[in-house]
There are 2 protein chains.
Amino acid sequence: MPDRRSADDHDHATCIEDALAEAETICAERGARLTELRRRVLELVWTSHEPVGAYDILSRLGGDGRRAAPPTVYRALEFLLEQGLVHRIESLNAFIGCASPKAPHSGQFLLCTACGTATEIADAGIQAALVKAAGLAGFRPGHVTIEVKGLCRRCAGGAAAEPHAHAH
Amino acid sequence: MPDRRSADDHDHATCIEDALAEAETICAERGARLTELRRRVLELVWTSHEPVGAYDILSRLGGDGRRAAPPTVYRALEFLLEQGLVHRIESLNAFIGCASPKAPHSGQFLLCTACGTATEIADAGIQAALVKAAGLAGFRPGHVTIEVKGLCRRCAGGAAAEPHAHAH
DNA sequence: GGCTGATACGCTACAATATAGCGATCGAGG
DNA sequence: CCTCGATCGCTATATTGTAGCGTATCAGCC
Ligand SMILES: [Zn+2]
Ligand SMILES: [Zn+2]
Ligand SMILES: [Zn+2]
Ligand SMILES: [Zn+2]
């Protein structure tokens, strides 16, 4: 199966389909209501592998004939966050689909400043180091935010600072 | 010398004095202009060990007879960020004084959700794990955001969920 | 001292992000 | 059908952050 975490060229339609199907399954198992609106918002978040702002979602929602206002989008996003289907990127005030939503978790993100792609990783070493450091300070950790800005493999390799073309 | 990173009871006036004195030294060495306004904003950021919002700073600035507007504060904060004298807490849209500004760095923060205190740590293990994980993904890291929400030693110990009294 | 260019600042207006609150609607269960 | 709670549409407002422009201030130089 294709790796949904990759920013390389791939059949992104499959990413979206898989994410929506998995969301349906997860919500069904939990008895959570993945309504048409929430499903549509999740689909819009999955439009690309770049974090998307709430107001971007809002404007795209309006395009389908339905009316929409900020609370509509924020409430849907709140639900998706609670269910672990999306993550919030704090340093960008934006949202991105979770690559592995079955077990809710705090995400670790690599954010390319050239092409805008966000890559979610789940590195046990980082998590372990963080828990250890927190323990030394007598701190009981809850939600963890890890966001690294830099250049992805594609944008760092070859022509150093030149972003590659991609769909927005 | 007192540990400016600690949230325990301490002579906080010393924290502020030390931070301002160190800022003066650093800016002098670099030929950067720590103007009266920037110094005042830095002092306000150091008012406590809780991250402070730009508009909080703004309202406190207005109290001293001078006029102030958002750009005034944001420009001062931009300077202080460039000089590494303050950090921005992304998950709170707020700012906090840097505990060790001599060598600019990306901060690692423990944010207590009960008492609001932010503790800056500089754990080499976390940094190493992060660089390693980024390398595996072919990612060239730049600025790193690490923010852990949870309960500090004080708020976690004893009465588990009961925040201790503190000045705001 | 006085000139000059660059930096810093005051100020108005505005943009972008997020929430409060209220009534209408929908949907599961009795 | 009826009821209750969850969801949604909608208006208004709160919070956070920038653009742009003219003035003031400062360092370096004549
Ligand atoms: Zn994809
Ligand atoms: Zn890239
Ligand atoms: Zn202190
Ligand atoms: Zn605490």
Side-chain angles (χ1 to χ4, degrees), chain A residues 23-24 27-28 30-45 50-83 85-96 116 145 147, chain B residues 23-24 27-45 50-83 85-96 116 145 147 168:
Chain A
E24 296 276 11
C27 287
R30 295 178 187 166
R33 293 171 56 189
L34 184 62
T35 63
E36 181 53 33
L37 173 66
R38 291 165 174 173
R39 195 186 138 90
R40 178 101 178 91
V41 169
L42 180 59
E43 185 180 1
L44 289 171
V45 168
E50 299 181 32
V52 56
Y55 280 73
D56 285 344
I57 296 171
L58 182 56
S59 64
R60 295 186 208 174
L61 262 186
D64 69 352
R66 291 193 162 201
R67 296 149 294 180
T72 300
V73 170
Y74 280 101
R75 282 187 299 227
L77 286 170
E78 183 182 20
F79 170 85
L80 296 173
L81 284 169
E82 284 169 357
Q83 297 301 322
L85 297 170
V86 304
H87 293 287
R88 176 179 168 85
I89 307 297
E90 300 289 353
S91 63
L92 298 176
N93 291 337
F95 303 83
I96 192 164
T145 300
E147 297 170 11
Chain B
E24 296 276 10
C27 287
E29 284 173 356
R30 295 177 189 166
R33 294 169 57 187
L34 184 61
T35 63
E36 181 52 34
L37 172 66
R38 291 165 174 172
R39 194 185 137 92
R40 179 101 177 91
V41 169
L42 180 58
E43 185 181 1
L44 289 172
V45 167
E50 299 180 32
V52 57
Y55 280 73
D56 285 344
I57 296 171
L58 183 56
S59 63
R60 295 186 208 175
L61 262 186
D64 67 353
R66 291 193 161 201
R67 296 149 295 182
T72 300
V73 170
Y74 279 101
R75 281 187 298 226
L77 287 171
E78 182 182 21
F79 170 85
L80 296 172
L81 284 169
E82 284 170 356
Q83 297 301 323
L85 297 170
V86 303
H87 292 287
R88 176 181 168 83
I89 307 297
E90 300 290 353
S91 62
L92 298 176
N93 292 336
F95 302 84
I96 192 164
T145 300
E147 297 169 12
H168 269 286

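Basis for what follows: all heavy atoms, side chains included, without hydrogens, waters or symmetry-related copies. A, B, ... follow the sequence lines: proteins, then strands. Residue 1 opens every chain.
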- request: Tell me, with the steps shown, if A:E147 and A:S91 meet side chain to side chain donor-acceptor pair (under 3.5 Å).
  value: CA-CA 7 Å; A:E147 297 170 11; A:S91 63; 2.6 Å; yes
message: On a heavy-atom basis, which atom in B:G116 and which in B:E50 lie closest, and how many Å separate them?
response: O-CG, 3.5 Å
- request: Take the protein atom CG of B:L80 and the nucleotide atom C1' of C:dC9, then report the distance between them rounded to whole Å.
  value: 15 Å
- prompt: Nearest nucleotide by nearest heavy atom, which residue falls closer to the 5' end of DNA chain D, B:R33 or B:N93?
  reply: B:N93
Side-chain donor/acceptor contact of B:R75 with base of C:dG10 under 3.5 Å: yes
- request: Let me know the distance between CZ of A:F95 and P of C:dT17, rounded to the nearest Å.
  value: 10 Å
- line: Assign each of A:P70 and B:G53 the nucleotide of DNA chain D bearing its closest heavy atom; nearer the 5' end lies the nucleotide of A:P70
message: On the nucleotide D:dG9, are OP1 or OP2 found under 4.0 Å from the side-chain N or O atoms that A:T72 carries?
response: yes
- line: Taking every heavy atom of B:V86 against every heavy atom of B:L77, the minimum-distance pair comes out as CG2-O, 4.3 Å
task: Grab the CG-P distance between A:L77 and D:dT7 for me, whole Å please.
output: 15 Å
message: Under 5.5 Å centre to centre and under 30° between planes: does that hold for B:Y74 and the six-membered base ring of D:dT18?
response: no
- prompt: Going by heavy atoms in the side chains, are B:V41 and B:T72 under 4.5 Å from each other?
  reply: no
task: Using whole Å, report how far CG of A:L92 lies from P of C:dT17.
output: 11 Å
message: Ignoring hydrogens, what is the shortest heavy-atom contact between A:F79 and A:R33? Give both atom names and the distance.
response: CZ-O, 3.6 Å
field: Phosphate contact (C:dC9 OP1 or OP2) by B:R40 side-chain N/O below 4.0 Å
entry: no
query: At under 4.0 Å, does any side-chain N or O of B:T35 touch on OP1 or OP2 of C:dC9?
result: yes
statement: Taken to the nearest whole Å, CZ/A:R38 to C1'/D:dG9 is 14 Å
task: Could you tell me the separation between the CD1 atom of A:I57 and the P atom of C:dA18, rounded to a whole number of Å?
output: 10 Å
field: Rounded distance (Å) that lies between atom P of C:dC9 and atom CG of B:L61
entry: 11 Å
- prompt: Taking the side chain of B:P71 as its heavy atoms from C-beta onward, which of C:dA18, D:dG17, C:dT12 lies nearest to it?
  reply: C:dT12
statement: In whole angstroms, the gap separating C1' of D:dT7 from CD of A:E82 amounts to 13 Å
task: Please evaluate the base of C:dA18 for a donor-acceptor partner in the side chain of A:Y55 within a cut-off of under 3.5 Å?
output: yes
- prompt: Which listed nucleotide (D:dG17, C:dT12, C:dC9) is nearest to the side chain of B:A69?
  reply: C:dT12
field: Residue B:L37, side-chain heavy atoms: nucleotide from C:dG10, D:dG17, C:dC11 that is nearest
entry: C:dG10
